[in-house]
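What you see is a predicted model, and the numbers here were worked out from it, not measured in a lab. FYI, side chains are in, hydrogens and waters are out, and symmetry mates aren't considered; it's all heavy atoms of this structure.
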Amino acid sequence: MQQFRTLFVAITLALTTLSAAFAASPAPAEGQNGMVVTAQHLASQVGIDVLKRGGNAVDAAVAVGYALAVVYPTAGNLGGGGFMTIRLKDGKTTFLDFRERAPLASTKTMYLDKDGNPIDGASTDGYLAIGTPGSVAGFETAREKYGTMERGELLAPAIELATEGFVLEPGDIASFANGNAMLAKDPAAAKIFLKDGKPLELGAKLVQTDLAKSLKAISEEGSSAFYKGEIADLIVKASEANGGILAKEDFEQYKVRELAPVQCSYRGYDIVSSPPPSSGGLVICEILNVLEGYPISYLGYGSAETIRLMVEAMRHAYVDRNTALGDPDFVENPVTRLTSKAYAEEIRSRIDPYRAGVSKALTINGGTESKETTHYSIIDKDGNAVAVTYTLNGSFGIGKVAEGTGILLNNEMDDFTIKPGVPNLYGLVQGEANAIEPRKSPLSSMSPTIVSKDGKPFMVIGSPGGSRIITITLEAIMNVIDHGMSLQEAIDAPRIHHQWLPDKVYMEPYALSPDTLRLLAGMGYDVGIDPDWTIWGEAAGILIGGKNLKEIEAGDGARYYGAIDSRASSGAAIGY
Ligand code: GLY
């Protein structure tokens, strides 16, 4: 009998491994010379056209960034900020931080009432919620330092899309569905994004004349048009008229930071990702370092044991994220310690093998998840790889357009600690390291990541999703490396998430079987379907040399594979 049981377990394990490699899923897109994966198909086409015209991956990333500001206004932007991780063909890696900065007039308590309580909506809804935007400076810095094409060439497609308009497809209509009510409240936004106060219909053409004018000014004058010229004047004017604190000096002082990316290794793969002011790279590395000590591949995707270990690693990493990290110009981030293998060993020694760990006593409900942020991944014929995640924070930011600019404005200030212990838009409970100070950037979760193996690029990956960005990106990497999934399967597979507080394991429907749930509950885990599961982030990735690890190792794959999340409504992976 015992022999039979052993054989049964062995066959089951073998089938599990096989099914991971051959699960049903659409095939990822293929390409031999380049791949562009974005959340909006027209923007992906813009990127591919740049590559075909001889531009490199950074040129394509810049053109896509401007194009998404037109065709994906829920998150693509000129009025927000983000990060770009670059791996050049010679293996050099770098990171551009063009995140928003707190205005000079901001204060630590600016969103609290006289009794020290957060004022409802103050950090999310109005002009007071805006951080000084960085996207235009970011794209221009990237182009000047690492691109090869002229500014005008890279802005031309975005200008055309804004001037001529583009026809709204079902995916575009879906992305507007959450924003229409908010956009209707702002006359300048309603004029552009609604028709006679009603949502735009399928097949309607969205023309953005003011945005085209702003893009043309940037094309002609460079980023000074945005930071020193009429665009800054118009945004400051709108801010002053609506209770904001943005001043012309905020724009004039804005500077992009070029930083060393966070680096770590996982089972022989080299990970390069976002450093502070993002927590993303650090938290991904901390979790992977902990999990490297366990046979995740053998334990299997979605098993109670794998989930337990992932959750415990996430719990420890998110405590560090939420309490210790902040803008590197203002706080000392313990990067070396948090990414060390020794620290991972220390965490493993604290994980109880039988019972769920317990997050700090404060239990908070709340935090919503939205489509907001957007991620895109690009690789060119020479192997230069770029991962960009940028955002307005909430979907459509504050939902307001500075009159005459066509530019939607961010509500990134909500990513600061509004009050220690009080959750932000994503339910994140944060500490003093992320307190508001003039010129400081709020802590982010955005995780544009590039993985390489033996000195060659292996995977480009990232996602939107607020605090879930980190675990979405992490799970896509694990699904490829540990579970042998194809890129598309890895991105589409149902996910779980834990972020220390609330002390709850969130899952997407079907992520865990009823008996797995019972096993986890028996160990003390509070697992449930995320109430906002319909809008978990949409990852966008590229795998190099095969559609899964098996093909890469056998050396019989095409050169590039691209996958946009099946959760995405309007995206496309386009190769050539
Ligand atoms: N606003 C989302 C993030 O930066 O993490």
Any Lys/Arg nitrogen of Asp565 or Arg495 sitting under 4.0 Å from an Asp/Glu carboxylate oxygen of the other? yes
Measuring from Glu538:CD to Thr373:OG1, what's the distance to the nearest 0.5 Å? 11.0 Å
On a heavy-atom basis, the closest approach of Ser447 and Ser445 is OG-O, 2.7 Å
Indicate yes or no for a side-chain donor-acceptor contact from Thr323 to the backbone of Val319 under 3.5 Å, with no hydrogens or angles considered. yes
Do side-chain atoms of Asn434 reach the backbone of Leu443 as a donor and acceptor pair under 3.5 angstrom? yes
Are the side chain of Ser359 and the backbone of Trp500 linked by a donor-acceptor contact shorter than 3.5 Å? yes
I'd like to check the ring-ring contact (aromatic ring centres under 6.0 Å, His included) partners of His497; sequence neighbours left out, ordered by chain and number. Tyr318
Which distance, rounded to the nearest 0.5 Å, do you find between the CG of Leu155 and the OG of Ser214? 11.0 Å
Keeping to residues at least two apart or across chains, list the salt bridge (charged side-chain N to carboxylate O under 4.0 Å, His left out) pairs with something in residues 277-292. Glu292-Lys341
Would you confirm whether Asp59, through its side chain, and Leu154, through its main-chain N or O, come within 3.5 Å as a donor-acceptor pair? no
With a 3.5 Å cut-off and sequence neighbours excluded, list the donor-acceptor pairs that the side chains of residues 115-133 form with protein atoms.
residue : atom : partner : partner atom : Å
Ser123  : OG   : Asp414  : OD1          : 2.7
Thr124  : OG1  : Gly121  : O            : 3.3
Thr132  : OG1  : Arg101  : O            : 3.3

All pairs passing disulfide bond (SG atoms under 2.5 Å apart) where residues 214-280 contributes a residue, at least two apart: Cys264-Cys285
Please collect all salt bridge (charged side-chain N to carboxylate O under 4.0 Å, His left out) contacts where either partner lies in residues 254-280, sequence neighbours excluded, each pair once. Asp97-Arg257, Lys145-Glu258, Arg257-Asp327, Arg257-Asp329, Arg267-Asp482
Could you give me the CA-CA distance, side-chain angles and deciding distance for Ile564 and Thr38, then say whether side-chain contact (heavy atoms from CB on, under 4.5 Å) is met? CA-CA 7 Å; Ile564 183 72; Thr38 86; over 6 Å; no
Residue pairs involving residues 260-285 (criterion ring-ring contact (aromatic ring centres under 6.0 Å, His included); sequence neighbours excluded): Tyr269-Phe458
Quick one: does Ser219's side chain have a donor or acceptor within less than 3.5 Å of a partner on Leu215's backbone? no
Any salt bridge (charged side-chain N to carboxylate O under 4.0 Å, His left out) pairs touching residues 213-240, not counting sequence neighbours? Asp233-Lys248
Side chains of Ser441 and Arg99: is there a donor and an acceptor less than 3.5 Å apart? no
Ring centres of Phe139 and Phe226 under 6.0 Å apart? no
Residues passing the ring-ring contact (aromatic ring centres under 6.0 Å, His included) test with Tyr111, sequence neighbours excluded, are none
Strictly distance-based, threshold 3.5 Å: is any side-chain N or O of Arg87 a donor or acceptor partner for the main-chain N or O of Thr449? no
Go through the steps for Leu291 and Met310 under the test side-chain contact (heavy atoms from CB on, under 4.5 Å), then give the verdict. CA-CA 7 Å; Leu291 294 176; Met310 287 170 71; 4.0 Å; yes
Taking it one step at a time, do Thr93 and Leu88 satisfy side-chain contact (heavy atoms from CB on, under 4.5 Å)? CA-CA 6 Å; Thr93 58; Leu88 297 171; over 6 Å; no
Heavy-atom closest pair, residues Asn333 and Pro276: ND2-CB, 3.4 Å
Is it true that a side-chain atom of Asp382 and a backbone atom of Lys89 form a donor plus acceptor pair closer than 3.5 Å? no
CD1 of Ile271 to OG1 of Thr85, rounded to nearest 0.5 Å, is 12.0 Å
Provide the full list of disulfide bond (SG atoms under 2.5 Å apart) pairs with a residue in residues 61-111, sequence neighbours left out, each pair given once. none
Nearest 0.5 Å please: distance from the CE atom of Met459 over to the CD1 atom of Ile481. 7.0 Å
What closest approach, in Å, do Phe396 and Pro73 show between heavy atoms, and which atom pair accounts for it? CD2-O, 3.5 Å
Distance to the ring centre below 6.0 angstrom and angle to the axis at most 45 degrees; does that hold for Arg151 and Tyr66? no
Ile461: which of Ile284, Ile450, Ile491 passes side-chain contact (heavy atoms from CB on, under 4.5 Å): Ile491
Spell out, as yes or no, whether a donor-acceptor pair under 3.5 Å connects the side chain of Asn393 to the backbone of Gly397. no
Rounded to the nearest 0.5 Å, the CE atom of Met446 sits from the OG1 atom of Thr473 at a distance of 11.5 Å
State whether the side chain of Asp250 and the backbone N or O of Leu246 hold a donor-acceptor pair below 3.5 Å, judged by distance alone. no
N/O donor-acceptor pair under 3.5 Å between Thr417 side chain and Lys419 backbone: no
Contacts of Tyr146 meeting ring-ring contact (aromatic ring centres under 6.0 Å, His included) (sequence neighbours excluded), chain-then-number -> none
Output the distance between atom CD1 (Ile436) and atom CE (Met110), rounded to the nearest 0.5 Å. 5.5 Å
For Val460 versus Ala387, what's the shortest heavy-atom pair and its separation? CG1-CB, 3.8 Å
ring-ring contact (aromatic ring centres under 6.0 Å, His included) against Tyr227, all qualifying residues, sequence neighbours excluded: Tyr254
Sequence neighbours excluded, every pair satisfying salt bridge (charged side-chain N to carboxylate O under 4.0 Å, His left out) that has a member inside residues 427-439: Lys108-Glu432, Glu437-Lys440
